[in-house]
> 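Before anything else, here's the structure in question.
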Number of protein chains: 2
Amino acid sequence: MKAAPEHRTKRSYHDACGTARALDLVGERWTLLVVRELLLGPKRFTDLRAGLPAISPNVLSQRLDELAQAGVVRKRKLPPPVSTAVYDLTEWGRELDTVVLALSRWGARARNAYRCSDMSTDALVVSLRTFFDAEAAESVSAEYDLYLTGSDAGTDEFHAVVADGTLTVTRGAGSAPTAIHASVPAFVAVVFDKHSLREAVTTGTMEINGDLTAAEQFTEFFRIPPECSANRAD
Amino acid sequence: MKAAPEHRTKRSYHDACGTARALDLVGERWTLLVVRELLLGPKRFTDLRAGLPAISPNVLSQRLDELAQAGVVRKRKLPPPVSTAVYDLTEWGRELDTVVLALSRWGARARNAYRCSDMSTDALVVSLRTFFDAEAAESVSAEYDLYLTGSDAGTDEFHAVVADGTLTVTRGAGSAPTAIHASVPAFVAVVFDKHSLREAVTTGTMEINGDLTAAEQFTEFFRIPPECSANRAD
DNA sequence: CAGCATCCCGATTGATACTG
DNA sequence: CAGTATCAATCGGGATGCTG
């Protein structure tokens with residue numbers, strides 16, 4: 001009969017600096033990756049686990065509780081037809097977008113970049129937004145439907161809008177004139193590693209419905225930063 | 001005679017997403033705060049401890065090793081006159097500036113903001129840069145020397161340059177026409193909580209050498225964001 | 001004294017099993 | 001599906017001690 005610890009003393013940096021207070025809330029292990037998974041809209045517990053293949057359910061559970069407690073995430077129960085619980089970012093939580101993108105931009109230049117390995121579909125979308133080059137897309141207005149097959153063989157649909165030098169991606173395919181179907185690695189190869197899209201289409205790793213030229217233009221919007229800059233220092 | 005574990009398997013998210021890779025490198029506890037302390041220039045081990053009052057020396061040591069290993073920080077030995085080791089951000093490490101500022105900006109809107117408690121002088125400078133309002137400083141060109149007394153009674157000197165809607169702060173006072181002397185809490189009260197500067201001067205909590213009007217203008221450059229937006233959700 | 005290395009203990013994490 | 005329970009492994013934090 002041990003009294004439940006109850007942890008009413010959450011660990012904190014006790015530093016008035018905004019950075020430290022932010023880290024008090026989202027600095028624990030996995031927390032920002034959970035936020036990343038929620039940036040494009042609400043998800044169920046299982047969806048989160050699918051995007052974060054290595055997280056333990058108890059840790060995910062704890063992180064979601066903490067985020068809800070902090071007002072970053074809200075847990076909602078969908079009405080009866082589905083009747084499942086989903087987790088959604090609050091408006092304030094969604095502002096972590098800038099933090100996640102800044103980290104992504106920085107982390108992309110690390111050495112030992114292993115761009116080819118597994119990435120969730122949501123992570124891929126974050127990468128798209130990370131490497132979107134406003135200048136390359138200047139004066140372009142276009143829409144695309146993306147059908148991305150993840151490592152779990154499930155396909156996620158996204159709608160990408162390019163306008164005013166801005167890329168906006170939302171979950172769910174719309175009625176875009178150009179649809180791109182691909183697995184995550186195939187998409188990465190074409191968009192980031194600049195492999196030939198036509199070749200990917202002929203080999204069948206990618207499928208384009210609609211305007212092939214528009215799809216090729218889409219791949220031009222993304223630029224990987226100037227390689228890692230840091231050399232071994234030790 | 002136990003074989004030293006040697007940890008050659010550093011914990012990783014094993015996720016190709018840039019965010020995850022960034023967090024592999026700077027996502028451990030304390031790591032980003034160590035970076036924050038180094039943003040304004042190199043520091044010794046003890047200086048870091050002073051700015052991070054709650055970190056254990058062994059953890060700081062470990063974090064510095066990891067950061068050096070990752071190419072974020074470089075350890076240098078100053079030439080004989082001083083002959084101490086200092087830690088400095090690499091060029092790539094300094095790019096974490098955007099990440100720290102994004103976190104700071106987000107964290108400043110948390111509820112339970114306790115802006116009045118202890119903050120290191122470096123953290124205060126990060127806050128200044130966080131809340132600097134480009135529009136408020138538009139078409140202003142000015143320089144200031146800041147003499148900030150921290151909680152350890154030591155005084156740190158900074159040089160702030162406002163130009164082109166930009167605030168640049170470097171360590172070390174220059175020859176600015178306006179010098180502001182204050183403790184960290186006094187400075188916070190005037191700049192962020194908008195207490196009267198003249199009053200602070202007359203009560204002696206602050207001292208201005210040079211142009212008092214310029215100093216008052218300086219305090220106008222900083223705007224705290226629209227309060228915390230999240231309400232209790234539980 | 002600066003800059004760690006060591007030891008110890010409690011807190012956190014991770015893998016797996018289990019339940020409503 | 002959506003988590004909770006359990007337990008082992010690891011990590012963080014404080015005290016102390018070593019080394020130049």
Side-chain angles (χ1 to χ4, degrees), chain A residues 1-15 23-24 26-34 37 42-68 73 75-78 80-88 152 154, chain B residues 1-15 23-24 27-34 37 42-69 73 75-78 80-88 152 154:
Chain A
M1 186 182 290
K2 47 168 63 172
E6 264 305 330
H7 275 215
R8 54 193 70 261
T9 50
K10 180 150 189 315
R11 180 164 73 162
S12 161
Y13 289 109
H14 291 107
D15 187 326
L23 291 173
D24 278 343
V26 298
E28 301 291 313
R29 190 163 168 76
W30 290 109
T31 306
L32 274 177
L33 293 182
V34 172
E37 289 294 315
K43 282 190 173 183
R44 292 171 305 169
F45 194 88
T46 314
D47 300 328
L48 288 167
R49 289 196 66 184
L52 266 15
I55 195 173
S56 299
N58 54 357
V59 174
L60 176 56
S61 192
Q62 189 184 332
R63 291 297 171 270
L64 288 169
D65 282 350
E66 292 163 356
L67 286 171
V73 152
K75 179 177 183 173
R76 291 181 318 174
K77 205 160 200 80
L78 293 184
V82 276
S83 186
T84 358
V86 294
Y87 298 90
D88 197 5
D152 60 348
Chain B
M1 185 183 289
K2 48 168 62 172
E6 263 306 328
H7 273 219
R8 57 194 68 259
T9 50
K10 179 150 190 313
R11 181 165 73 164
S12 162
Y13 290 109
H14 292 106
D15 187 328
L23 290 173
D24 277 343
E28 300 291 313
R29 190 164 167 75
W30 290 110
T31 305
L32 273 178
L33 294 182
V34 171
E37 288 294 315
K43 281 191 173 184
R44 293 170 304 168
F45 193 88
T46 315
D47 300 328
L48 288 167
R49 291 197 64 184
L52 266 15
I55 195 172
S56 301
N58 54 358
V59 175
L60 176 55
S61 193
Q62 188 183 331
R63 291 297 171 272
L64 288 170
D65 281 350
E66 292 163 356
L67 286 170
Q69 178 69 27
V73 153
K75 179 178 184 174
R76 292 181 316 174
K77 204 158 201 84
L78 293 184
V82 276
S83 186
T84 358
V86 294
Y87 300 88
D88 197 5
D152 60 349

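Order of the sequence lines sets the chain letters (A, B, ...), proteins ahead of strands, with each chain counted from 1. The figures here come from the full heavy-atom set of this structure, side chains too, leaving out hydrogens, waters and symmetry mates.
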> Distance check needed: D:dG3 P versus A:Gln62 CD, whole Å only.
14 Å
> Mind running a 4.0 Å heavy-atom check of residues 47-57 of chain B against DNA chain D and sending the residues that fall below it, in number order?
B:Ala54, B:Ser56
> Check for a donor-acceptor pair, side chain of B:Tyr13 on one end and backbone N or O of A:Ile55 on the other, with a separation under 3.5 Å.
no
> Please determine if a side-chain N or O atom of A:Tyr13 lies less than 4.0 Å away from the OP1 or OP2 oxygen of D:dG12.
no
> Expressed in angstrom and rounded to an integer, what is the separation of B:Asp65 atom CG from C:dA5 atom P?
7 Å
> Quick one: A:Lys43 NZ to D:dA2 P, roughly how many Å, whole number?
13 Å
> Can you name the residues that form a salt bridge (Lys or Arg N to Asp or Glu O under 4.0 Å) with A:Asp88, not counting sequence neighbours?
A:Arg76, A:Arg94
> Start at the 5' end of DNA chain D and walk down; is the nucleotide closest to A:Phe45 or to B:Glu28 reached first?
A:Phe45
> Distance check needed: C:dA15 P versus A:Leu60 CG, whole Å only.
13 Å
> Please assess A:Leu64 against A:Leu48 for the test side chain to side chain contact (heavy atoms under 4.5 Å, CB included), listing each intermediate value before the final yes or no.
CA-CA 10 Å; A:Leu64 288 169; A:Leu48 288 167; 4.0 Å; yes
> Looking only at side-chain atoms of A:Arg44, point me to the closest of C:dG14, D:dG13, D:dA2.
D:dA2
> Closest to the B:Val59 side chain: D:dG12, D:dC1, D:dG3?
D:dG12
> Taking 4.0 Å as the cut-off, does a side-chain nitrogen or oxygen of A:Arg29 come that near to OP1 or OP2 on D:dT10?
no
> Who passes side chain to side chain donor-acceptor pair (under 3.5 Å) against B:Asn58, sequence neighbours left out?
none
> Test of understanding: with side chain to side chain donor-acceptor pair (under 3.5 Å), list the residues that count as partners of A:Glu28, not counting sequence neighbours.
A:Arg11
> Taking only the side-chain nitrogens and oxygens of A:Ser61, find out if one of them lies under 4.0 Å from OP1 or OP2 of D:dT4.
yes
> Starting from C1' on D:dG12, measure out to CZ on B:Arg11 and report it in whole angstrom.
10 Å
> Expressed in angstrom and rounded to an integer, what is the separation of B:Trp30 atom CH2 from C:dT12 atom C1'?
16 Å
> Show every side-chain hydrogen bond (donor to acceptor under 3.5 Å, both in side chains) that has at least one partner inside residues 43-54 of chain A, sequence neighbours left out.
A:Glu37-A:Lys43, A:Lys43-A:Asp122, A:Arg44-A:Asp47
> Whole angstrom is fine here: how far is it from CZ in B:Arg76 over to P in C:dG3?
14 Å
> Check every strand shown and say whether B:Lys75 touches a base, only sugar-phosphate, or nothing at a heavy-atom separation below 4.0 Å.
sugar-phosphate
> Would you kindly give the CG-to-C1' distance between B:Asn58 and C:dC9, to the nearest whole Å?
13 Å
